[in-house]
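Step one of this worksheet: look at the structure below.
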Amino acid sequence: MLIIDQLELHRSGRAILSVNHAELKPGEVIAVLGPNGAGKSSLLKTLASQWQPDKGDLLLHGKALHEWPRRQRARHVGVLPQSSELTFPFNAREVVAMGATPLSLEAAEIDEQSRHWMQVTDTLPFADRIYTSLSGGERQRVQLARVLLQLSSAEQPPLLLLDEPTSAQDLGQQHHMLTLIRQLSREQNAGVVAILHDLNQAVRYADKIWLLNEGKMVSSGSPETILQAETIAKIWGYHPEILSSKDGRQVLV
């Protein structure tokens, strides 16, 4: 559904992102990994059409992403930022309802869909609280509900872009959110690209890793293939011990 080919992004006369080739299939969860400054945020901003690449192709369902009509693209590409600067005194339910902006829904449908996605993301208990009074983790989940509402009417498998979606969550909510994202990717056939920092979360929840370093995508493949001790030592400067969980999944220590 998503094809990146010979992509280059320049800033101040130098290349800050270079991706020879990468693909995302419907229903697949990709974890974007790499050290600080590796180009992860640059990649996400390019996929979100916030930044336009200087070279290469970026295709969604066979069509250049920049050629999609804005409203149609909004129904198929959703972005969950790491944090939100929203300062207006909206309550959480009103923030979620903003996800209906590119959709053709009646007020009653917006109300129903907002309630549904707030229930899914465990945000319904504070639906009437002012958004700015919520904790960082609560705000992230409210924003996730907004994005899921935004993508709920997609005619083709949607693309969900997540910028460190667990950064403000406690341990239980981190796993709840990633389990939910993985489940939704399967149920809605959505493609997910998520920037993560926890390598064990990537092993547990991602189907594939896109590994970035110094602005280049250096490898792509299954977590077990990519996250070898030698690779981790080379990229992050730390040599981990690799253990196995009861279900046979590798665990990095």
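All heavy atoms count here, side chains included; hydrogens, waters and symmetry mates do not. Along the sequence shown, the residues carry numbers beginning at 1. Here the structure is a predicted model, which is why all the values come from computation and not from measurement.
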Check the hydrophobic clustering (I, L, V, M, F, W, Y; side-chain heavy atoms under 4.5 Å; chains of links allowed) and say if [X] and [Y] are grouped together.
X      : Y      : result
Val29  : Leu184 : yes
Leu47  : Leu80  : no
Ile130 : Met98  : no
Ile195 : Val193 : yes
Ile30  : Leu60  : yes

Please lay out, stage by stage, how Asp163 and Val79 fare under the test side chain to side chain contact (heavy atoms under 4.5 Å, CB included). CA-CA 8 Å; Asp163 187 359; Val79 184; over 6 Å; no
Show your working on side chain to side chain donor-acceptor pair (under 3.5 Å) between His197 and Glu164 and close with a plain yes or no. CA-CA 7 Å; His197 280 290; Glu164 298 185 38; 3.2 Å; yes
Any Leu65 side-chain heavy atom under 4.5 Å of Val77 side chain: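 Yes. Closest side-chain heavy atoms under 4.5 Å.
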Audit row: Gln140, Ser167, side chain to side chain donor-acceptor pair (under 3.5 Å) steps and yes/no: CA-CA 9 Å; Gln140 271 186 324; Ser167 60; 3.1 Å; yes
Would Glu109 and Gln113 satisfy side chain to side chain donor-acceptor pair (under 3.5 Å), going step by step from the backbone distance to the final call? CA-CA 6 Å; Glu109 292 178 293; Gln113 287 294 311; over 6 Å; no
Can you tell me how far the CZ atom of Arg141 sits from the CD atom of Glu138, to the nearest 0.5 Å?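 Those atoms lie 6.0 Å apart.
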Rounded distance (nearest 0.5 Å) linking atom CG of Leu151 with atom CZ of Arg75: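 That separation rounds to 11.0 Å.
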List in chain and number order the residues that pass salt bridge (Lys or Arg N to Asp or Glu O under 4.0 Å) with Asp207, two or more places apart in sequence or in another chain; answer none if no residue qualifies.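 For Asp207 the salt bridge (Lys or Arg N to Asp or Glu O under 4.0 Å) partners, ignoring immediate neighbours, are Arg182, Arg186.
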CA sep, side-chain torsions, deciding dist, call: Met217, His21, side chain to side chain contact (heavy atoms under 4.5 Å, CB included): CA-CA 9 Å; Met217 187 177 293; His21 187 82; over 6 Å; no
Okay, side chain of Lys40, backbone of Gly34: is any donor-acceptor separation there less than 3.5 Å? yes
Has the side chain of Thr46 got a donor or acceptor atom that lies under 3.5 Å from a matching backbone atom of Ser42? yes
Test Gln173 against Asp122 for side chain to side chain donor-acceptor pair (under 3.5 Å), laying out the working first. CA-CA 9 Å; Gln173 284 295 344; Asp122 194 26; 3.2 Å; yes
Classify the ring geometry between Tyr205 and His175 as parallel (under 30°), tilted (30 to 60°) or perpendicular (over 60°).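 It falls in the tilted class, 30° to 60°.
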Report the C-alpha distance between Asp111 and Arg93 in whole Å, list the side-chain angles of each, state the deciding distance to 0.1 Å, and finish with yes or no for side chain to side chain contact (heavy atoms under 4.5 Å, CB included). CA-CA 9 Å; Asp111 218 39; Arg93 191 193 310 271; 4.2 Å; yes
Do Leu7 and Asp57 pass the side chain to side chain contact (heavy atoms under 4.5 Å, CB included) test, and can you show the C-alpha distance, the side-chain angles, and the key distance before you say yes or no? CA-CA 6 Å; Leu7 185 74; Asp57 296 315; over 6 Å; no
Over all heavy atoms of both residues, which pair between Pro223 and Ile209 is shortest? Give the atoms and the distance, please.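 In this case the closest contact between Pro223 and Ile209 is CA-CG1, 3.6 Å.
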In this structure, are over 12 heavy atoms from other groups packed under 6.0 Å from Glu214 atom CD?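 No, not enclosed.
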